[in-house]
Structures are given as C-alpha cells and as structure tokens.
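Worksheet: one structure, shown below.
Numbering of residues begins at 1 and proceeds along the displayed sequence.
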Amino acid sequence: MSFQQGLSGLNGAAKSLDVIGNNIANASTVGFKGAQAQFADVYASSLNGAGGVTAGIGTKVSQIAQQFTQGNIESSNNSLDVAINGQGFFRTVSSGMVQYTRNGQFSLDKDGFMTNAQGAKLTGYGTGVSGEILAGAPIPLQISTTDLKPVSTTKVGIEMNLDSRVAAPTVTPFDATDPNSYNKQSPVDVYDTLGNPHVLSTFYVKNGSGTWDVYAANDGVEVTNLNVAQSSQNDAATTAARAAWDAATKAVPPVAATIATALANYASAAAAAVSTAAGGAGADAATQAAITAAGTDAAKVAGNTPDLVDKAIMASVKVPAVPVGTLRFDENGALNAATTLNAGKFSLDLPIYPSTGSEATQTMEIAFTGTTQYGTATSDKKLTQDGYTAGHLQRFSIGKEGIILGQYSNGQSKPLGQVVLANFANANGLEPLGNNAWAESANSGTPLVGTPNSGSFGVMQSSAVETSNVDLTAELVNMITAQRVYQANAQTIKTQDSVLQTLVSLR
C-alpha cells in the first residue's frame with residue numbers, strides 16, 4: 001500500500017462532492033441539468049506482462065456526465081416563457097456565437113427580439129408578407145408590432161333556408177326602405193380597400209314557386225340607386241365645379257358671394273349628371289325634377305358643402321331597383337344549379353358612396369352554396385366574408401409546434417415566426433458554457449435543426465418553464481455516501497502512515 005491510492009480516492013471523493021454540491025446549488029435553476037461524476041480505476045503500466053497481479057494505484061475522474069433527463073413542467077405568468085416537453089434544445093445566438101439551452105425564460109428587448117437573461121436571442125423561422133412560415137436558415141426571432149393591413153371583402157358566403165310556404169310580397173315593386181316589399185333581409189359587414197366597414201344587405205323577394213329575386217343594398221341604399229347617385233363623381237363638369245369651390249374657399253380673403261356661386265354651380269352640375277343617370281335607369285320626369293330641385297335647395301343653405309349637396313341629391317334618387325340575381329330551387333328544396341345563374345354565385349359591383357377615399361366600386365362574389373327552400377321558417381344558417389379592417393397587435397402566444405401566433409384588435413390572427421429546436425447525436429458531448437448554455441463540440445456531433453412536435457423533437461408548452469431535473473433527496477444521500485468514501489480514503493492514508501511509522505521505529 002502507498003499513499004497514491006488514498007490520495008486519488010480523496011481527490012475523487014472531493015470531486016464527487018463538488019458535483020453534488022453544484023447539483024444542489026442549482027436545484028431551483030430553470031432548465032438546469034444535473035451532472036454525475038464518473039470514475040475509472042488506474043493501473044501502472046507493466047512491461048513484463050505481470051499486470052494481472054499488480055495492484056491498482058487509485059482512481060481518476062473519467063468524466064462529469066450531464067444527465068439530460070426531462071425536468072418537471074411548471075406554469076408561469078409570462079406568456080414568453082416556454083418549456084420543451086421531450087427532446088431538443090432552444091437555439092440562441094449571442095455575439096455571433098450559437099448556443100443551446102433548455103432554459104425557456106424569454107423576454108422582448110427594445111427592438112422586439114426574444115432574448116434570455118444573458119441577452120442571447122432565440123432563433124427560428126421568419127414569416128412572409130402573408131404570414132407564411134419561411135423555413136430555411138434560422139434567424140433571430142423578432143416580434144413585429146406593425147399594424148395588420150386591412151383586407152377588402154371579395155367573397156361573401158350566404159347559407160340560409162327560404163320558407164317555401166310564404167307568399168310573394170303584397171307591395172311591389174321592391175323598395176329597400178319598405179319591409180312589406182320583400183320577404184327576407186340578411187345584413188353582413190363588409191370592408192372596403194381602406195378597411196372601412198359597410199353593411200351589405202341582401203333582400204329576398206319571392207316571385208313564383210321556387211323562384212326568389214335577390215336585391216342588394218350598401219349601408220341601407222339599394223345598389224342601383226347608389227350607382228345613379230355616384231355618377232356625378234365621374235362627371236367632368238362636376239369635377240371642375242368642385243375644384244372651383246375648393247379654390248373659392250381657400251382664397252384670401254374669402255368672398256362669400258363667390259363661394260355661394262361656386263356651390264350653386266357645383267349643385268347644378270352634380271344634379272344634372274345624376275338626373276341624366278337616373279333617366280337612364282328608368283326614373284320618370286318627376287324624379288328627375290326632384291333631383292334637380294334637391295341640388296338647388298341644398299346649395300341655398302348657408303354653410304353647406306359639396307358633400308352635403310351630394311347627400312341631399314342622393315336622398316332624392318328613386319329609380320327602379322334591379323335584382324343582382326335570381327335563386328331557383330328544385331322540387332327537393334335544393335338550389336337548382338342548372339337554372340340558377342353561375343350555380344348560385346353572383347358577381348356584385350358594390351358602390352362605395354359617399355366616398356371614403358377607397359376604391360369607388362368594389363367587386364365581390366356572393367355565393368349561396370348550401371341555401372335551401374324547405375317548408376320551415378326562413379332563417380340564416382351561415383354568413384361569412386373574407387375582409388377585415390386594420391388591427392394592431394394585442395397579444396401573442398406560442399403553440400406546441402413553436403408557431404408564435406399574433407392576435408390583433410380586429411379579431412384576426414397571424415403567425416409572427418416559428419421557434420426551432422436542435423438535437424444532437426451525443427448530447428453529453430456538448431461543451432458547457434455556463435448560464436444554462438452549451439456549445440457544439442466534436443464529441444456532440446452536428447446539430448439536427450427542426451420544428452417542435454415533429455420527428456424526434458419535443459412539444460412546446462407556452463407560459464411554462466422546465467424546472468431543474470435535480471432530485472434533492474437522491475443528492476443528499478449521494479452526499480452522505482461521498483462523505484463516507486472521503487473518510488474511508490483518509491483512513492487508508494492514516495493506516496499507511498502508521499505502517500511507515502512502524503518501519504521507521506525498527507532498530
């Protein structure tokens with residue numbers, strides 16, 4: 001026996017206590033992975049082949065192995081906290097260096113990047129202009145707070161049942177302001193190119209067995225009448241008169257008489273254009289005279305503007321309404337695609353008037369797929385449209401696939417990015433960097449990068465963190481064992497010392 005075995009045992013036991021102490025110290029560290037000191041015995045080299053009868057010369061630490069077992073998942077109050085349930089590491093970038101971690105405690109920095117406490121940026125896939133995920137090389141994830149642009153309505157879906165037992169209206173012709181002239185009205189919100197909301201109303205008038213005429217109105221005004229009222233906006237004389245009125249109001253000093261004359265000229269030009277259009281739409285002479293009178297009267301009101309004149313003229317327009325389509329049903333109550341124009345899909349040019357600054361006419365498709373005519377009460381089944389107004393980002397969440405979904409004030413949602421995970425053939429070969437981070441090494445192998453909940457990658461859980469996988473009870477028992485091993489190795493040194501003392505004492 002020599003002192004070598006005891007000394008190596010003391011060193012090994014001390015190293016084991018160091019590892020155990022580090023595990024205990026990080027028992028509350030989010031994403032921490034406990035380690036284990038692993039030892040190997042040591043033999044002196046032998047040149048005569050007698051190694052089989054040679055005593056060992058102690059122990060050494062062969063490696064300190066990380067234990068990449070799953071920690072418990074605990075909920076948190078931070079929506080940016082995210083835990084991995086399964087295999088994989090978060091991929092982060094700090095000063096150009098790629099790091100890997102299981103600590104999912106993130107926050108937004110001043111530029112909107114998702115970062116951890118050390119400032120390392122979480123990486124993933126970005127998105128395109130339409131919100132599609134752009135898979136490719138991972139980039140730092142940045143939460144964009146840009147408002148969601150409005151989308152104008154291009155398609156409207158209406159599914160309903162029209163009661164086959166009802167009779168045709170007693171009042172004719174159809175008038176959007178008279179409920180007795182139609183059997184059913186269905187309003188739905190639609191949006192123009194600037195995101196301004198409008199109410200598109202469709203009216204249903206039974207005009208025979210299994211046949212229904214469909215009329216439309218925007219914001220309460222039937223579309224044929226709106227088209228007539230809007231005709232002044234494309235009239236050259238009206239446009240010139242409007243420019244003259246604008247110039248008169250901006251003159252310094254303004255001259256009231258000049259402004260009044262300019263407004264009268266505008267009213268005359270606008271009324272003439274609308275009157276002509278009304279005549280083409282079937283209006284009688286009395287209606288045309290009423291339009292002209294409405295413009296003249298509005299121009300005489302002190303403080304009126306061209307917009308108020310237009311409003312007065314529009315109120316006087318009364319032309320025959322034209323249906324946007326006709327629905328025909330077969331003997332089984334189903335929509336007869338053979339006799340219904342475009343199989344129940346009508347194209348509607350909806351006038352946006354008074355103008356909001358958006359496109360003046362908005363073309364949209366109205367589809368009546370699934371509409372029936374049964375002997376039950378008339379009722380709406382489904383009303384859909386594909387437009388929405390502008391919205392600003394209110395909140396976002398991270399799904400199990402790592403997709404960051406933004407929720408906007410207009411009720412819409414849009415992907416803002418996708419978190420990626422990395423996995424290694426030998427996770428124990430990763431180089432520890434501290435701060436719950438590891439780096440790729442030759443022993444770990446190259447990382448396999450992919451999306452959560454796919455392949456061998458784990459599932460993400462938002463508003464949650466993965467706690468340390470250290471088992472305190474086991475570590476305390478291991479500490480007692482390591483302490484006894486330390487004491488035992490110290491005892492071997494003490495015994496060797498006693499033996500040497502005996503030898504020294506020989507005479």
Next item on the list: Search all heavy atoms of I64 against all heavy atoms of A35 and return the closest pair with its distance.
Entry: CG2-CB, 3.8 Å

Check: Got a donor-acceptor contact below 3.5 angstrom from the S462 side chain to the S397 backbone?
Finding: no

Check: Any idea which heavy atoms bring Q67 and N469 closest together, and the distance?
Finding: O-ND2, 2.6 Å

Margin query: Any side-chain to backbone donor/acceptor pair from N489 onto L7? Under 3.5 Å, distance only.
Written below: no

Next item on the list: Measure centre to centre between the rings of Y408 and Y388, then say whether the value is under 6.0 Å.
Entry: no

Check: Are Q66 and L430 close enough that some pair of their side-chain heavy atoms sits under 4.5 Å apart?
Finding: no

Notebook entry, point to check: Any donor-acceptor pair under 3.5 Å linking the side chain of S16 with the backbone of A37?
Noted result: no

Checklist line | Pair R91 + E440, salt bridge at N-O below 4.0 Å | finding: no

Note to self: Tell me whether the count of non-hydrogen atoms from other residues, nucleotides or ligands lying under 6.0 Å of NZ in K15 goes above 12.
What the structure shows: no

Note to self: With a 3.5 Å distance limit and no angle check, can you tell me whether N453 reaches the backbone of K400 through a side-chain donor-acceptor pair?
What the structure shows: no

Margin query: Closer than 3.5 angstrom, by distance alone: can the side chain of S358 be matched with the main-chain N or O of L194 as a donor-acceptor pair?
Written below: no

Notebook entry, point to check: Quick one: are S152 and Y191 in side-chain contact, heavy atoms under 4.5 Å?
Noted result: no

Notebook entry, point to check: Less than 4.5 Å apart, any side-chain heavy atom of D310 and any of Y353?
Noted result: yes

Next item on the list: For T115 and D109, test the side chains for any donor-to-acceptor distance below 3.5 angstrom and give the result as yes or no.
Entry: no

Next item on the list: Determine the minimum heavy-atom distance between Q233 and T239, stating which atoms define it.
Entry: O-OG1, 4.1 Å

Check: When the aromatic ring centroids of F68 and F89 are compared, is their separation below 6.0 Å?
Finding: yes

Next item on the list: Please examine the side chains of F424 and W438, heavy atoms only from C-beta on, and report whether any two atoms are closer than 4.5 Å.
Entry: no

Note to self: Quick one: does any side-chain atom of T451 pair with a main-chain N or O of G402 as donor and acceptor, under 3.5 Å?
What the structure shows: no

Notebook entry, point to check: Do the side chain of N161 and the main chain of T376 share a donor and acceptor less than 3.5 angstrom apart?
Noted result: yes

Check: With a 4.5 Å heavy-atom cut-off, do R102 and N436 have their side chains touching?
Finding: no

Checklist line | Donor-acceptor under 3.5 Å (E359 side chain, T193 main chain) | finding: no

Checklist line | Distance-minimising heavy-atom pair for N423 and S456 | finding: ND2-OG, 3.7 Å

Next item on the list: Walk me through it: do L421 and F90 pass the test side-chain contact (heavy atoms from CB on, under 4.5 Å)?
Entry: CA-CA 5 Å; L421 297 180; F90 294 111; 4.1 Å; yes

Check: Are the side chain of N435 and the backbone N or O of A437 linked by a donor-acceptor pair below 3.5 Å?
Finding: no

Next item on the list: Could you pull out the closest heavy-atom pair between L122 and F106, with the gap in Å?
Entry: CD1-CZ, 3.7 Å

Next item on the list: State, with a plain yes or no, whether a side-chain heavy atom of D380 is found less than 4.5 Å away from one of K184.
Entry: yes

Margin query: Using a 3.5 Å distance criterion without hydrogens, assess whether the side chain of S355 forms a donor-acceptor pair with backbone atoms of G357.
Written below: yes

Checklist line | Non-hydrogen atoms of P415 and I403 that approach each other most closely | finding: CB-CG2, 4.1 Å

